[in-house]
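Each chain gets a letter, A, B and so on, in the order its sequence line appears, and its residues count up from 1. Just the heavy atoms: all of them, side chains too, but no hydrogens, waters or symmetry mates, feed the values below.
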Protein chains: 2
Amino acid sequence: MTSSSITLADVASQAGVSKMTVSKVINKKPGISETTRQRVMQAVDELGYTVHASARALAGGRTHTLGVVVSSLDSQYFSELMRGADMTARDAGLELLISTTRASHEHRNIGRLAHGLVDGLLMVFPASLAPYERSLRALSLPVVVIAPGTQASAEQQHFPSVDADHYSGARQAMQHLLSLGHRRIAFIGGPPHLTPSRERLRGYREGLLTASIAPDAALQVTSDFSQRSGFQAARELLALAERPTAIFALNDVSAFGAIEAIKDAGLRVPEDISVIGFDNIPQASQVFPALTTIEQPLLEMGAAGTRQLLNLIQGVGAVTDRLIVPTELIIRASTGPLLSVDRRM
Amino acid sequence: MTSSSITLADVASQAGVSKMTVSKVINKKPGISETTRQRVMQAVDELGYTVHASARALAGGRTHTLGVVVSSLDSQYFSELMRGADMTARDAGLELLISTTRASHEHRNIGRLAHGLVDGLLMVFPASLAPYERSLRALSLPVVVIAPGTQASAEQQHFPSVDADHYSGARQAMQHLLSLGHRRIAFIGGPPHLTPSRERLRGYREGLLTASIAPDAALQVTSDFSQRSGFQAARELLALAERPTAIFALNDVSAFGAIEAIKDAGLRVPEDISVIGFDNIPQASQVFPALTTIEQPLLEMGAAGTRQLLNLIQGVGAVTDRLIVPTELIIRASTGPLLSVDRRM
DNA sequence: ACGTGTAAGGTTAGCGGTAACTCAAAAGTA
DNA sequence: TACTTTTGAGTTACCGCTAACCTTACACGT
């Protein structure tokens, strides 16, 4: 037979103890003498025993697996987030089951997940929770939401969540540009129905206010997070009679588009126009000029969300309803001091 | 109680049949009359029953789950590949469990996966299979490798694999450039220990040969797949006394770097230099000028790999040892006909 | 009328663990 | 010494499902 069919009973007889004793050793339960423990561990090693996940789940009522539900795998952010989640889960002895939800049968899927596959669910970047709401409640399955795209509406009970501090991050970005002397600062925003867009916009506006700068509607343009739309947004800004000296793009990718547009127009970054992004995706440090940006602590968010979920499952430890993790200003080469006006034609 | 504790027995009593009958209906086993089947299905719907995955796995010996082992989630290619795998797996009624292997305890992990969690393994983009080889064999677990980075060495028994036709893809790229009249064609290559790099290089060389063009070592430069290194590689090429009229970059990302370098040098794409990439990543169509490239059929590769694995698990259907899926030339705006020499400076 | 084949459904016995309890021996107590 | 407590380990009874076998009823040919 294959080595995969080694069972508790095999280890037990090898070690000369009962199955239950082996089980207790494996699960680090108390009530086992050190001598026995070592004998059992030796048998485990000799036989190469690993616990059978399904059997354990069936008998124990816990699957030792966390489900991750994500709408799309190609998000730039997902990978880093998962690193954090993975580390935390592994440390706690749990597996991570990543599931992509597609089309409209999400709730059906969730049901299947819940029933004997996972102990809890991490919802990552859900555009909306509405489709899941009902089945999630019905299953009474622990759920933590990471980076909810939309704000939970008032009437809707929301789940514990973890998110970056979009507002303060935007304030940091503005603070940076203002301290460089910029006053004519444009904002490339995003879809207004998404909370991150709105919060970053709020940070932009309030940043201007603290410097007593009146917001200029012409300096607020909209993108859809893509490089192409960042490119077009920047083009509009460059066509302005009085063009901005700095651009705050609400994400790195649209900042790339903006830089491209600026170069295309024969201008230089940051000498003519400073550009700051948001997210600090890996490419941000690779492009030329390297992008100054606001880092979302994705790894930490993944880890924190997972910790919350573990607490929820074990019913011990505090669970924060809404955990906001701080962002960080990463200064690179795409921002620079405002040069005197006459220097710039 | 929660609705998740609905079991076969509940459905059985609701429908007035035995557990086994319900099980047969659920699993579409023969020997059930249409009348009974409908009665059972109705009870299933009314109660909202879903099978308990662990119980089924324990009793049936099959987990109905496929494991996906991937070294990193941030690959541009992974998402599309997974779409293909996911669709195929779901159609067959299986879940996909995505697991990232980190650090050195891969084989330990694989053991845990195998033992009651998955029926088979899809290894995606493994740089090398060596670390897994032993545990995989020991577990006698069905395995299919998607896009092996390195060629399985002769002495090493290899697993069934699926890969894109890197060689023919490179030939397609060359054919395209040659048909546009280019003869001085440069190649931005990759790390020579990786099979895709080598195969694409081979396609480049043989493409030149078919046009009776003698390879010029100065036109073959190396990158590490990154945009930055593509940028630098292109810079070297531009500094040549007799610079190329077309560049074939072995992946899209380094092609982006090349285009950046060309623009930086004040030249235009494709008027001065044509650029073709490889992979057809989503951004390829978003950049300016849109990138002509060779598409790797990732979705199809994911689906094909999964189909192979399913065949392996069920022990029926043919399993091809080494399945090579064809690539496709995607013509966009970054390549153009060779303009007469005097037109260019 | 009789076996015999077949379709529809039921019965039994686990899969490999764990929770909850029981029990025996060692250790503490007066 | 006799009694209680503690500690270490074993027993029992499932968890929810399915493989494999078994039963029944009816159709069929001869």
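- Scanning residues 21-37 of chain B for heavy-atom distances under 4.0 Å to DNA chain C yields B:Thr21, B:Lys24, B:Gly31, B:Ile32, B:Ser33, B:Thr36.
- At whole-Å resolution of the value, CZ in B:Arg62 and C1' in C:dC15 are 13 Å apart.
- The structure places CD1 of A:Ile32 at 5.0 Å from OG1 of A:Thr21, a figure rounded to the nearest 0.5 Å.
- Between the two ends of the helix from C:dA1-D:dT30 to C:dA30-D:dT1, each summarised by a five-pair axis, the helix axis turns through 40° (rounded to 10 degrees).
- We find that CG of B:Asp10 is positioned 9 Å from P of D:dG16, with the value rounded to whole Å.
- Atoms CZ (A:Arg56) and P (C:dG17) sit 9 Å apart, rounded to a whole Å.
- At the phosphate of D:dC17, OP1 or OP2 sits under 4.0 Å from a side-chain N or O atom of B:Thr7.
- Between B:Ala55 and B:Met20, the residue anchored closer to the 5' end of DNA chain C is B:Met20, taking for each the nucleotide with the nearest heavy atom.
- The distance between atom CZ of A:Arg39 and atom C1' of D:dG8, rounded to the nearest whole Å, is 12 Å.
- In this structure, NE2 of B:His52 is placed 8 Å from C1' of D:dC15, rounded to the nearest angstrom.
- You'll find the side chain of B:Arg56 reaches within 4.5 Å of the side chain of B:Asn27, heavy atoms only.
- Note that CG of A:Asp45 is 11.0 Å distant from CD of A:Gln14, once rounded to the nearest 0.5 Å.
- Under the side chain to side chain contact (heavy atoms under 4.5 Å, CB included) rule, B:Leu121 has a single partner from B:Leu309, B:Val145, B:Val69, B:Val144, which is B:Val69.
- In this structure, CD1 of A:Ile6 is placed 16 Å from P of C:dC15, rounded to the nearest angstrom.
- Judged by distance alone, with hydrogens and angles left aside, the side-chain atoms of B:Thr65 form no donor-acceptor pair with the main-chain N or O of B:Glu95 at under 3.5 Å.
- Between the side chain of A:Lys19 and the base of C:dG16, no donor-acceptor pair under 3.5 Å is found.
- Applying the 4.0 Å criterion to OP1 and OP2 of D:dG10, one finds that A:Ser18 has a side-chain N or O inside that range.
- Screening B:Val11, B:Asp10, B:Val40 against B:Tyr49 for a side chain to side chain contact (heavy atoms under 4.5 Å, CB included) leaves a single residue, B:Val11.
- Side-chain contact between A:Val70 and A:Ile98 is present, with at least one heavy-atom pair separated by less than 4.5 Å.
- Rounded to whole Å, atom C1' of D:dG10 lies 14 Å from atom CG of A:Leu8.
- Taking CG of A:Leu312 as the start and CG of A:Asp119 as the end, the distance is 11.5 Å to the nearest 0.5 Å.
- To the nearest 0.5 Å, atom CG of residue B:Asp165 and atom CG of residue B:Leu323 are 10.5 Å apart.
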